[in-house]
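A short write-up of the structure that comes next.
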Amino acid sequence: EEAGLVAREMRKGPSVGRPQTLYAVTPEPASGTGDHRLLAQILAGSVRGKRSLEEVERLSEEWGTYLVVQGGPKPGVQLPAGRNLAILQEAMARAGFEPRFRRSGATVEVTLRDCPFRDLVEEHRELVETVHRGLLTGMLNGLKPKMRVKELKPFAERGICRLVASSR
């Protein structure tokens, strides 16, 4: 009942005693909510040429920075590197990735699982890689202190991208 899967109804009978409790399965929500694949396919088809891809990368960088700033520190506040990575991890998760971090000094290797754009990769690989690069660059630029991409391997393995970033 708390999960919204069933509805409860209390019925008083003609006789004395406790009311009868009846449960009924609630109808499923309307289909199509939350699935934006068709919209993504339509928009991806409109991106053609170098100039369009450059604009996509610029917008993706802005979104990456925005996602980091949402959970980041107030202006003028420097965070220790460990907290910086926590903010980065939260931003990546909000973007739909499942990030795994491995830190080594000023360098961090991030394994990005569960790509939020995997449904578009086969038909629009260049576009997906551009969005990845832009989002990740923007996220790293939004950190305080900033980090930079040292290496990015889109789809290094099936469904997994690898990022190496450094604070130097």
Side-chain angles (χ1 to χ4, degrees), residues 2-3 29 32-168:
E2 287 178 21
T33 57
D35 187 1
H36 298 93
R37 275 178 272 206
L38 178 59
L39 175 62
Q41 287 285 353
I42 292 168
L43 294 175
S46 71
V47 177
R48 292 190 178 99
K50 185 178 178 180
R51 199 175 290 167
S52 291
L53 283 172
E54 288 170 354
E55 180 66 9
V56 165
E57 188 164 6
R58 186 190 64 74
L59 285 170
S60 298
E61 281 185 37
E62 287 180 16
W63 272 99
T65 301
Y66 170 75
L67 289 170
V68 165
V69 171
Q70 277 185 314
K74 299 204 177 352
V77 176
Q78 292 285 354
L79 292 177
R83 183 65 190 133
N84 222 5
L85 293 182
I87 290 170
L88 181 60
Q89 184 173 15
E90 291 166 13
M92 288 177 168
R94 273 195 303 279
F97 295 104
E98 284 185 24
R100 303 282 188 269
F101 287 77
R102 196 172 81 212
R103 191 170 165 191
S104 175
T107 302
V108 64
E109 182 179 322
V110 185
T111 302
L112 298 163
R113 300 174 179 275
D114 196 25
C115 173
F117 314 113
R118 70 181 164 274
D119 293 344
L120 297 172
V121 169
E122 279 187 42
E123 295 175 43
H124 305 284
R125 186 179 190 97
E126 185 178 18
L127 175 60
V128 169
E129 289 179 3
T130 300
V131 171
H132 275 185
R133 186 173 47 256
L135 272 175
L136 298 173
T137 299
M139 287 178 184
L140 295 172
N141 285 337
L143 295 172
K144 294 179 182 178
K146 292 181 180 185
M147 295 183 79
R148 66 177 184 83
V149 176
K150 285 181 74 174
E151 183 179 349
L152 176 60
K153 292 182 185 173
F155 308 103
E157 297 173 38
R158 185 170 169 81
I160 295 175
C161 298
R162 298 201 189 284
L163 166 71
V164 178
S166 174
S167 58
R168 294 181 193 170

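Every heavy atom of this structure was used, including side-chain atoms; hydrogens, water molecules and symmetry mates were not.
Ion pairing of E157 with R162 is present here, as a side-chain N (NZ or NE/NH1/NH2) and a carboxylate O approach within less than 4.0 Å. A salt bridge links E90 with R83: at least one charged nitrogen is closer than 4.0 Å to a carboxylate oxygen. Between E61 and R58 there is no salt bridge, since none of the side-chain N atoms of the basic residue sits less than 4.0 Å from a carboxylate O of the acidic one.
A donor-acceptor pair shorter than 3.5 Å cannot be found between the side chains of Y66 and E62.
Taking 4.5 Å as the limit, some side-chain heavy atom of L136 sits within range of a side-chain heavy atom of L112. Counting heavy atoms from C-beta outward, H124 and Q41 have side chains that approach closer than 4.5 Å.
Of all the heavy atoms in M147 and N141, the pair that sits closest is O-OD1, 4.0 Å. The heavy-atom pair separating M139 from A95 by the smallest distance is CE-CB, 3.8 Å. Of all the heavy atoms in V110 and P99, the pair that sits closest is CG1-CB, 4.0 Å. Pairing each heavy atom of P154 with each of C161, the nearest pair is CA-SG, 3.8 Å.
S166 contributes no side-chain N or O that, together with a main-chain N or O of R148, makes up a donor-acceptor pair within less than 3.5 Å. With hydrogens and angles ignored, the 3.5 Å screen pairs a side-chain donor or acceptor of S46 with a backbone N or O of L43.
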Would V128 and H132 count as a side-chain contact (heavy atoms from CB on, under 4.5 Å) if you check the C-alpha gap in whole Å, the side-chain angles of each, and the deciding distance to 0.1 Å?
CA-CA 6 Å; V128 169; H132 275 185; 4.1 Å; yes

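In this structure, the separation between CZ on F155 and CZ on R118 is 10.0 Å, given to the nearest 0.5 Å. For the atom pair CZ of R133 and CD of E57, the computed distance is 4.5 Å after rounding to the nearest 0.5 Å.
Note on ring orientation: taking the six-membered ring where Trp is involved, the planes of F97 and F117 are perpendicular (angle over 60°, cut-offs 30° and 60°).
For the side-chain contact (heavy atoms from CB on, under 4.5 Å) with L143, the qualifying choice from T65, L85, V69, I87 is I87, the only one to do so.
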